[in-house]
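Read the structure below first, then the notes.
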Amino acid sequence: MGTAESTKRKEKLANQDTAQREPNSCTNMADQKDNIDDFKVQTAKHPNMTSAPLRPHSEHSKDRASKRLSTESNGTSDGGVGSSTPVEITALEESFRRFAIHGDTRATGKEMHGKNWSKLCKDCGVIDGKNITLTDVDIVFSKVKKKSCRTITFDEFKAALGELARKKYKDKTGEEAEAEVFQLIEGKSPVISGVTKAVASPTVSRLTDTTKFTGSHKERFDETGRGKGKAGRVDIVDTSGYVSGYKHQGSYEKKVTKPTAGRPV
């Protein structure tokens, strides 16, 4: 009896759960239908809402890269002042940077010291030995730079070139003379000289002259100064069977192996 009652009780509970689930499922289906109807209404009101094509990921990455390059050229961050106006480097400024970093791995290219300034004037033909000399270049450098600095900036560099231009081209106006000097420098790079040749030293030449060697060192080289290799370092034992100094070595073998053609039988 207890078993039958427990079975009936379980069936009753299962029927109640089923009755509760059926209204919920119907409610969920009704909500989904209402959402679909709302979406259709919104689409009808705004037909261009989904018509715009999505941009591929590659185009987004290109935009980010171009934006980063433009901000780096200005030295600003995203949204900084001047980020929409990229700075263009002129040919004159590019030459200035090349000479500014020449021979100095720690140089930034924004300032130039006197040694590279003199090299620039020499390599680019500003110094002609008549109107412009090396002394004139040094005087102008000291004139335009600040008293507490040993280098000049790009603006001071242009001012120094203006001073030299008016002295180099006396028959032209100031602007024309500056333009002429600028053309001499634009697009130029430092001239790298050839490899420095070693200067012959009497001490080194004496130590490397094999004709002056003595003792065992002399035996290691022949008359021309070339090394003999192992023969000059180790005593090689002669196992040929001939005594040392014998002049007819190998003549016996030649007589024994002499051809017999033409001999009478």
Side-chain angles (χ1 to χ4, degrees), residues 65-204:
S66 60
K67 187 177 182 180
R68 178 177 59 82
L69 292 174
S70 62
T71 54
E72 287 179 356
S73 63
N74 288 320
T76 58
S77 59
D78 292 342
V81 178
S83 60
S84 60
T85 57
V87 178
E88 294 182 0
I89 299 176
T90 61
L92 182 65
E93 188 174 359
E94 182 65 24
S95 298
F96 171 82
R97 292 185 178 184
R98 291 173 184 173
F99 279 92
I101 64 176
H102 177 68
D104 189 359
T105 56
R106 295 177 297 178
T108 59
K110 297 180 180 180
E111 296 177 349
M112 180 185 295
H113 52 74
K115 183 179 179 181
N116 286 359
W117 159 254
S118 301
K119 181 174 178 59
L120 182 144
C121 295
K122 182 179 178 181
D123 292 350
C124 297
V126 179
I127 298 176
D128 54 10
K130 297 180 181 179
N131 297 327
I132 303 295
T133 61
L134 183 60
T135 304
D136 297 328
V137 170
D138 294 337
I139 292 173
V140 171
F141 181 83
S142 302
K143 182 179 178 181
V144 299
K145 77 177 184 65
K146 297 178 182 179
K147 294 182 180 180
S148 60
C149 296
R150 297 183 179 180
T151 57
I152 58 174
T153 61
F154 180 66
D155 294 334
E156 295 170 347
F157 168 74
K158 291 193 295 183
L161 290 180
E163 293 283 343
L164 297 177
R166 287 188 291 271
K167 190 173 182 180
K168 185 178 180 66
Y169 303 102
K170 298 180 180 179
D171 55 341
K172 296 183 180 181
T173 61
E175 295 180 357
E176 293 178 353
E178 289 182 2
E180 290 289 338
V181 173
F182 289 169
Q183 288 181 1
L184 294 176
I185 300 173
E186 290 176 353
K188 297 294 182 63
S189 300
V191 177
I192 301 175
S193 57
V195 179
T196 305
K197 296 182 180 180
V199 179
S201 174
T203 304
V204 177

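We count residues from 1, following the sequence as given.
The shortest non-hydrogen separation linking G187 to S95 is N-OG, 3.0 Å. Closest of all the heavy-atom pairs between N116 and A100 is ND2-O, 3.4 Å. Nearest heavy atom pair, residue V126 against residue K168, reads O-NZ, 3.2 Å. Closest approach of L161 and V181 over heavy atoms only: CD2-CG1, 3.9 Å. Across all their heavy atoms, A160 and W117 have their closest contact at CB-CH2, 3.6 Å.
A distance of 10.5 Å separates CD1 in I152 from NE2 in H113, rounded to the nearest 0.5 Å. Rounding to the nearest 0.5 Å places CZ of R97 at 14.0 Å from OG of S189. Here CZ of R150 is found 14.0 Å from NZ of K115. Values are rounded to the nearest 0.5 Å. L92 CG to E178 CD: the interatomic distance, rounded to the nearest 0.5 Å, is 10.5 Å.
Annotation: salt bridge (Lys or Arg N to Asp or Glu O under 4.0 Å) contacts of D171 (sequence neighbours excluded): none. With sequence neighbours left out, the ring pair (Phe, Tyr, Trp, His ring centres under 6.0 Å) criterion links F182 to no other residue. The salt bridge (Lys or Arg N to Asp or Glu O under 4.0 Å) test applied to K145 returns no partner, not counting sequence neighbours. In this structure, the salt bridge (Lys or Arg N to Asp or Glu O under 4.0 Å) partners of E94, at least two apart in sequence or on a different chain, are R98. Every residue meeting the salt bridge (Lys or Arg N to Asp or Glu O under 4.0 Å) condition with K143, not counting sequence neighbours, appears here in chain and number order: E163.
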Give every donor-acceptor pair under 3.5 Å between a side-chain atom in residues 101-112 and any protein atom, sequence neighbours left out.
residue	atom	partner	partner atom	Å
D104	OD1	R106	N	3.1
E111	OE1	T151	OG1	3.1

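Taking the charged nitrogens against the carboxylate oxygens, D123 and K188 have no contact shorter than 4.0 Å, which rules out a salt bridge.
Between K146 and E156, some side-chain heavy-atom pair lies under the 4.5 Å cut-off. When side chains are defined from C-beta on, L164 does not count as touching K167, because their heavy atoms never get closer than 4.5 Å.
The aromatic rings of F157 and F96 sit tilted, their planes meeting at an angle between 30° and 60°.
In terms of modelled atom types and a separation under 3.5 Å, the side chain of E186 and the main chain of Q183 share no donor-acceptor contact.
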Report task. Please lay out, stage by stage, how T135 and D138 fare under the test side chain to side chain donor-acceptor pair (under 3.5 Å). Result -> CA-CA 5 Å; T135 304; D138 294 337; 5.7 Å; no
